[in-house]
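Count residues from 1 along the sequence.
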Amino acid sequence: MDEQQKLIFPQNFDIKVIVAATIPIEESKANISRVFTECQTVHSFVSARASAKGSYITYTYNIDLDSQEQMNAVYDDLKQVPEIKFAI
């Protein structure tokens, strides 16, 4: 990665987490928030939107990250939550 592409921390941005719609909304939100809390990430829920067929729900959270390591930990921990398909 060259110098122009490196992230400069701290960063604040919206992260989208795509979850199977088979899990109740409150449970999914709690699981996502738990990851952010365990990674010591300041976060706030922004919105939830169902896919056209209703198979998935996209949750948007605003998060503050202090370092690349913290960002990596967030993404790694989100991968461990079974109902989460991916995060962007």
Side-chain angles (χ1 to χ4, degrees):
M1 194 180 270
D2 67 29
E3 287 299 316
Q4 293 179 349
Q5 295 176 323
K6 287 189 179 180
L7 289 175
I8 299 171
F9 291 92
Q11 280 283 324
N12 173 274
F13 67 95
D14 287 345
I15 185 171
K16 295 184 183 292
V17 182
I18 293 79
V19 176
T22 55
I23 306 299
I25 289 173
E26 291 307 315
E27 183 179 338
S28 289
K29 286 174 61 178
N31 291 340
I32 295 166
S33 285
R34 187 175 313 108
V35 168
F36 295 144
T37 300
E38 288 173 358
C39 291
Q40 300 179 355
T41 304
V42 176
H43 63 282
S44 61
F45 174 77
V46 176
S47 65
R49 193 175 105 213
S51 64
K53 293 183 181 180
S55 301
Y56 301 98
I57 299 176
T58 300
Y59 296 95
T60 303
Y61 283 81
N62 184 268
I63 62 173
D64 291 332
L65 296 170
D66 295 325
S67 67
Q68 180 72 46
E69 294 76 20
Q70 186 182 35
M71 183 173 81
N72 293 345
V74 166
Y75 282 107
D76 288 344
D77 289 359
L78 286 171
K79 289 178 188 177
Q80 302 307 312
V81 181
E83 70 263 21
I84 294 177
K85 299 305 176 188
F86 59 95
I88 51 176

### Task
Answer whether the closest heavy-atom distance between the side chains of Cys39 and Asp77 falls below 4.5 Å.
yes

### Nearest heavy-atom neighbours spanning Gly54 and Ala21
O-CB, 3.2 Å

### Selection residues 38-53 - residue pairs positive for side chain to side chain donor-acceptor pair (under 3.5 Å), sequence neighbours left out
Thr41-Gln70

### Query
Residues in ring pair (Phe, Tyr, Trp, His ring centres under 6.0 Å) with Phe86, at least two apart?
none

### Query
Which residues pass the side chain to side chain contact (heavy atoms under 4.5 Å, CB included) test with Glu69, sequence neighbours left out?
Ser67

### Query
What pair of heavy atoms forms the shortest contact from Phe9 to Leu65, and how long is it?
CD2-O, 3.6 Å

### Summary
Tightest non-hydrogen contact, residues Asn31 and Arg34, listed as OD1-NH1, 2.8 Å

### Query
Is there a donor in the side chain of Asp76 and an acceptor in the side chain of Gln80, or the other way round, less than 3.5 Å apart?
no

### Query
Can you hop from Ile84 to Ile25 via hydrophobic side chains spaced under 4.5 Å?
yes

### Query
Quick one: do Val81 and Phe45 end up in the same hydrophobic cluster if we chain Ile, Leu, Val, Met, Phe, Trp and Tyr together by side-chain heavy atoms under 4.5 Å apart?
yes

### Summary
On a heavy-atom basis, the closest approach of Ile32 and Tyr61 is CG2-CE1, 3.5 Å

### Task
Apply the side chain to side chain contact (heavy atoms under 4.5 Å, CB included) test between Val19 and each candidate in Lys29, Glu27, Glu83; give the one that qualifies.
Glu83

### Query
Quick one: is the NZ or CZ of Lys85 closer than 6.0 Å to the six-membered ring centre of Tyr56, and within 45° of its axis?
no

### Message
Could you report the tightest heavy-atom contact between Phe36 and Val74, atom names first, then the distance?
### Response
CE2-CG1, 3.6 Å

### Task
Just do the side chain to side chain contact (heavy atoms under 4.5 Å, CB included) check on Val35 and Val17 with the steps written out, would you?
CA-CA 12 Å; Val35 168; Val17 182; over 6 Å; no

### Message
For a 4.5 angstrom cut-off between non-hydrogen side-chain atoms, does Phe13 reach Ile63?
### Response
yes

